[in-house]
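Here is the naming used below: chain letters follow the sequence lines, and residue numbers restart at 1 for every chain. Just so it is clear, the values below take in all heavy atoms, side chains as well, and ignore hydrogens, waters and symmetry mates.
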Amino acid sequence: GCGSTSSSTGASSTSGSKAAQYKVGLVTDTGGLNDHGFNHLAYEGLLQAKNQLGVTVSVVQSQTESDYVPFLTNYAKQGYNLVIAVGFLMAQAVQQVSHEFPHTHFMIIDDEVNGPNVTSSLFETQQCGYLVGELAGLIQKDHALPNINNDNTLGVVGGMSIPPVNTYIAGFYAGVHAVDPSAKILLKYTNDFNNPNNGQVFAQSEIAQHADIIFQVAGGSGLGVITAAQQAHVYAIGVDADQNYLAPNTVITSAEKGVNVATFDTIKEGLDGTLKAGPQYFSLANNGVGMAPPISAIPRSIVNQVLQSEKEIISGKIVPPTNIPNS
Amino acid sequence: MHLLLNPELWTLTISIAVPLIYAALGGMFSERGGVVNIAMEGMMLTSAFVSVAFAAMTHNAWIGLGMGVLSGAAMALLFSWAALVLKADQVVVGMAVNLLALGLTGYLLDAFYGYNGTPISTPSLPTWHLAFLSGIPVIGPALSQENVLTYLLIPVLLAAQYALFRTPWGLRLRSMGEKPQAGRSAGLKVRRYQLSGVLLSGVLSGIAGAYLSIGVLNGFTVDMTAGRGYIALAAMILGNWRPSGVVWAGLMFGFLSALSIQLQGSVIPPDIVLMVPYLLTVVAVAGIVGRTTPPAADGIPYQEESL
Amino acid sequence: MNVAQLEVSNITKRFGSLVANDRISLSVSGGEVLAILGENGAGKSTLMKVVSGFLRPDAGEIRVNGTLLPSGNPEAAIRAGIGMIHQHFMLIPRMTVMENLILGFEPRTRWGQIDYGRARSTVRQLADRFGMPIDPDKPVERLTVGEQQRVEILKAFYRGAEILILDEPTALLTPQESEHLFESIREFSRQGLAVIFISHKLDEVLAISQRVLVIRSGRVVDTVPTSSTDAPTLARLMVGRDVNLGMGRRGNGTASIGEPILTLDQLEIARTREHQGLGPLSLELRAGEIMGIAGVDGNGQQELAETVAGLLPHTRGSLRFAGESLDNLGVRDRLARGLAYVPADRQGEGLVLDFKIWENFILRDYYRPPYRRGAGMDVRLARQQAEAAVKAFDIRPQNIELPARALSGGNQQKLLLAREMSRKPRVMVVAQPTRGLDVGAIEYVHQQLMALADGGTAILLISLELDELMKLSDRIAVLFRGKIQGVRTREQFNREEIGLLMTGQTRPEVVNQ
Amino acid sequence: MKISWQWLKPLLTVVLGLVISGLIGQVTGYPALQVMSALWQGSVGNFYNLANTLVIFIPLVLTGLGIALAFRAGLFNIGAQGQYWMGAIAAAWIGALPGHWPWGTHLLATLLASILAGGLYGLIPGVLKAYRGAHEVITTMMLSYAAIEFGHYLIEKGPLMLPGPVPQSPPLQTDATLPILVPTTELSAGLWLALAAVVLAAWLFYRTRLGFEVTLLGKNAKAARLAGVSVARLTIISLAVGGMFAGLAGGIQIMGVTHQLFDSFADQYGYTAIVVALLARNNPWGVVPAAFLFAALQSGAGYMQMNANIPAQMAYVIQGVIVFMVAADRIFDWVLANKKAKTRPPAVGVGKEAL
Ligand SMILES: Nc1ncnc2c1ncn2[C@@H]1O[C@H](COP(=O)(O)OP(=O)(O)OP(=O)(O)O)[C@@H](O)[C@H]1O
Ligand SMILES: Nc1ncnc2c1ncn2[C@@H]1O[C@H](COP(=O)(O)OP(=O)(O)OP(=O)(O)O)[C@@H](O)[C@H]1O
Ligand SMILES: [Mg+2]
Ligand SMILES: [Mg+2]
């Protein structure tokens, strides 16, 4: 039992008691809350909702894949109004449970589940992937940072070959190739989201093949990617959250995914009664995804060029693909 | 061929192999003393966490390493109490230690650091640059710049070989693994030597764990050992319970893993490539190594008053 | 000369409710050989384990030269000069002779490592002094039993033993090796050592000791000077009744011997790392006949037995059973044709110690009628049969639900014999059937074997005990280095000549040609 | 008295394990009673939670039986996870085959396929052990990792891929799925199969010649040879039949729970089942309570988190402590013996070196 803290801002006292009766349950995937990534962001959104809206919240971390269904069901059974499933990997479970509990509202992040009581938060991460890709491509082309070699090679370390990972990567490819179609991109998957030592050796392998800017889309395993880049004095691009704080001179930028925003917004809409079922798209246009501020060492001109592309994506002039090209 | 000449392949090989070799050496000492030890995973994990916690607290990676090693030894002590004093089934106790370590480290991670994970300011152990080694072709670059624990492995290996086969302690330890009654009939205290073997495995697994968390990284995540303790067990068996064998087995596994990582991104699907180290290990053990012989009394609890 | 003196007083040792040693006292001093006699399970080994510090007595004390020894402390016992040669050797097969010798008492260099040079020279000196040559760098697993025993004794001396305890030292030795050992023991005596000698063999006791201590059911029955006693007296003291020591095979010689049933024709086994080579070797075994196989241990006896049993394939020649070739038949086919095998290693091979008595009883037949039932076994029948056998063979305790582990060695042997004999075999291979058994048990086993042969079963009896062979066999074949050195019929039996054959002293000859 | 102590001891060890875990919770700020009541509630507290526990129970029982069989033969099969995967893969493949299947045949074919696949995957280490002496700890472990990667491959790029961006296999035909027993849960008729498997295993282990031979091999391989048992054949059979149980577990998971193979299908059942088998001392009846205990701890852990805010890792702590206590159940004898030793008169001349 938690969540009776009165909200300090936002809600009035009358809506406060109503808010306190609004119960939100959050189920993480097996990555857990300290993944420095999207589980963590979802939790931040949840905490924000608790503090600002005064809703009652509960969180549970799945230890194994077989936890998904029982955990979702348990919240539904206990009369929670909104049950949030963090992550693509839980799509099957949400599909099943939402069907069985038509009076509970569900939110799934990163995949689309159909149903009158399911809100799917989908992130157009190909857009932010494109931006960081373009930034990397420009740095590569102009040798805009120290230690950039002449091999014109970039790296990507993915966690698994699944859509929420691959859309980032597809955008990244497009962004890099928009700058220099001849740039070489190495792509490897760790097949594991919480094994930083593994991420590290994968990154080392790409660095060995002369990659000097590495985009990590590997959750907890990605932390090792950043360390590897740092140790080899090359560069990394973070994912989901602004991961610059992990290695300030190494992580040149991050492809951000506003899971916290989406979570908060969905809870707020649920509380207000305006929550709609169906897919909700988060893109550059509504600040649902974005590029974290690049480090100051990067020449202004390059950053400006990327910001220009951002505008063009928003306006629809550039449409980054969601599929990785077959090499 | 071109691939094999890539120094970075050897760098990868070494960084994957080092923790395996440390842990497998530890297991070897324990089993040479007749105590089957599958708790390397848990001892590594414990040390991985404790070393980060202390390194972060004291801002000194060496203190982290020391405490990590101590925590590995503490788990070994717990293991020994059940296995040697209470004569519990060694495999079951080993499993218990692994579960306990998984639970405790995750539990304490939450308790100490909440959901932010271990502090990013955690220092890690230094990497040494030994310029004079870089001249060696192919493997030179891999050898010349490594974590201090990698270099430490060389004296540790020599010491292991020396201790096991040249010192009275080693002879006695091995006798406990082969036939503890013989050791006892020589007036030796069986349990004391078995304890020393298990404790050593705790210490060495502790180093392996610290290597993972504050050696090459500077943080801890839940279950970060990810089965390396079990692979170390396989390396120990593959290495036929000898320091040199353990090194070869560890390097072989490291090499195959490194190779599979290097091969990824070619036309072969990544999952298939990732199968390579496992399948080749099976081929190696079935085709080349064949039968390996454990110490004769491995895993049999020694009963006082039975001859 | 500094003469060691061991004084044991009022030792009591219990295992649960069983009193293994009940207020036992004894003393022995330098230059003396004290023999301890007793039935299986009388408590001899237990007493010696107490003396050497392995077991902690419940009461009583042990003094060496007047000094009280702390109990249950092998190290203190060793330091006091007590050297124990256990009934089951305390050697590590995979280590070398030297490693075994120095274990626990390693000479060290200044750097704390083992000083192998010094160890080697010490071993040589000791070997010379006691006339027991040995290669210090050979792994123990490659030594013969006699050599292993030499290592055990040297080990005791290496640790400075002045009181030597030998628990059934001759159980595994050939007559020659035993004789050698006795010479050594006499030499030790001369050098002022005190010796305690445990044996079931009365003639040995009579030959070597000055005094005999007899234990029955954990209590001292009597101590007698050897010079004033004889074998029948000792046997009676031990068992508490008269024992028939002499009786041999029925006097009627080969009258009841029938048709040839097992024929080995130019049988050969290639030599490998694990096996002594065998043959070419030809033998013919007839119904109702007991054919003894004599030989120094390790001359192919084990291989011969395993080949006949079907465990070891032969490389050349042929094996025929009642006219039918066995060459391509496995263990089970041979069992089905009426072949039985009692292996020498009863605990390691013959029985499954963790299985219950009845399970052990059906070990060789569970898969076929009458025990076969569907995919399973007729457990009720199995229990009935086992129950009957336990009664018939007087296996104690008579509880078929006990694990075989809970039986004494003698009773384990009985169970093994009961199992094989209940199968009503036409040919039975028996290896070392009385190893480690007391006179009462030996008498029983011998009776059973003779009765079996009288019933028409052909028996291939492999034994290291020449006396046993001469007592039971109709013919004796002597194995030497895998070949038959000679065959003698009952009328031709001659201890000395067979002993010579065993050491390969005459020209090899081929039998039955 | 003796019998009751035999039953009491395991119970006592579990209770003691819970008490120790409760104390760990207590000192770290989670009242022991709250931890325990949440655990109880979450695992067996109501019908729905009990059903959830049983969902986990099914694969643990089946895989545990398979591992127990190998253990009985003296073989340490730590790769049941791979055999479980292979069973799942086969079920996902056969179960999704379209076409008209006469009543029940599709279900049966799918079950058989999973059993066969698990069995074949157990066969490989068996053959390698029997004929090459390859240590089964290495081969089963490595093959297990390989099987998992193979499964990933099949659904990502391979023949089991359902077209689309999501790596997953096509869903099973409904005639190849197992009926759900309790609505809104994932508890399927696989439960009956699991319980039937327990009976089957008990029969196999204790009543058949094969079971006799397996135990014989495990206890004394030399004696087994003497009884005419082919050690090679039996090694292969033990690992293969053990693999069948694990394969069936994977098949039931697909047919009763997930209905298709996807990345998050996997679980650590194959590893947890090792502990289950060890805890049950390789006794098929013992596998039932052992599997239930672990299932309950796992399903109770989520409830602890949701309703009492207790970190889920507590469940592993409890598991570890309980396994430890069960392994070290001599602690009771030890305590009793020490007490006895104190009341017993000391032996004469007891040295200082107490052992
Ligand atoms: N470890 C033990 N636990 C329980 N009982 C034992 C143990 N060791 C010996 N005994 C019991 O003590 C008795 C004496 O055994 P001991 O080995 O001393 O006999 P022994 O006289 O040496 O016989 P043998 O002539 O067969 O060697 C045995 O009958 C046995 O019942
Ligand atoms: N662990 C044990 N549990 C119960 N009884 C035991 C145990 N160990 C030994 N015994 C007892 O010890 C006896 C066997 O001891 P041991 O092997 O020394 O036999 P033994 O007396 O030397 O006989 P033999 O001379 O025929 O070999 C059995 O009678 C058995 O009751
Ligand atoms: Mg004895
Ligand atoms: Mg005996």
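- Closest approach of D:V323 to B:A96, counting heavy atoms only: CG1-CB, 3.6 Å.
- D:F76 touches chain B through its side chain: at least one heavy atom from C-beta onward sits under 4.5 Å away, while N, CA, C and O do not.
- In this structure, CD1 on B:I38 lies 7.5 Å from CD1 on D:I78, to the nearest 0.5 angstrom.
- Each side chain to side chain donor-acceptor pair (under 3.5 Å) pair with one or both residues in residues 146-155 of chain D, not counting sequence neighbours, appears once here: A:N191-D:E149, A:N191-D:H152, D:H152-D:D263.
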Item to check | Test log, rule side chain to side chain contact (heavy atoms under 4.5 Å, CB included), inputs B:F79 and D:F324 | outcome: CA-CA 9 Å; B:F79 176 85; D:F324 193 89; 6.0 Å; no
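- In this structure, chain B has heavy atoms under 4.5 Å from both the backbone and the side chain of D:Q319.
- Of the two parts of D:M314, the backbone and the side chain both hold a non-hydrogen atom closer than 4.5 Å to a non-hydrogen atom of chain B.
- Applying the side chain to side chain donor-acceptor pair (under 3.5 Å) test to B:E31 and every residue at least two apart in sequence or in another chain returns B:W241.
- Within the 4.5 angstrom heavy-atom criterion, no atom of B:L109 approaches chain D.
- Proximity to chain B (any heavy atom under 4.5 Å) is restricted, for D:I274, to the side chain, taken from C-beta onward.
- Using a 4.5 Å cut-off between heavy atoms, D:Y30 touches chain B through its side chain atoms alone.
- If you tally non-hydrogen atom pairs under 4.5 Å between each of D:K157, D:K129, D:M141 and chain B, the highest count goes to D:M141.
- The CE atom of D:M142 sits 13.5 Å away from the OH atom of B:Y230 when rounded to the nearest 0.5 Å.
- Minimum interatomic distance between B:A234 and D:I138 (heavy atoms only, all atoms of both residues): O-CD1, 3.7 Å.
- By number of non-hydrogen pairs under 4.5 angstrom with chain D, the leading residue of B:L78, B:N98, B:T105 is B:L78.
- The line from CD1 of D:I318 to CG of B:L99 is 12.0 Å long, rounded to the nearest 0.5 Å.
- Heavy-atom pairs under 4.5 Å with chain B peak, among D:G158, D:G29, D:P311, D:G151, at D:P311.
- Comparing B:A286, B:P294, B:A111 by how many heavy-atom pairs each has under 4.5 Å with chain D, the most go to B:A286.
- Heavy-atom proximity under 4.5 angstrom to chain D picks out B:V222, B:G227 from residues 219-227 of chain B.
- Here the shortest heavy-atom pairing between D:I24 and B:Y107 reads O-OH, 4.3 Å.
- Using a 4.5 Å cut-off between non-hydrogen atoms, the part of residues 271-282 of chain B that approaches chain D consists of B:D271, B:I272, B:L274, B:M275, B:Y278, B:L279, B:T281, B:V282.
- Between chain D and the residues B:L104, B:V93, B:I237, B:D89, the most heavy-atom pairs under 4.5 angstrom are made by B:I237.
- When all heavy atoms of B:V91 and D:L278 are compared, the pair lying nearest together is CG1-CD1, 3.5 Å.
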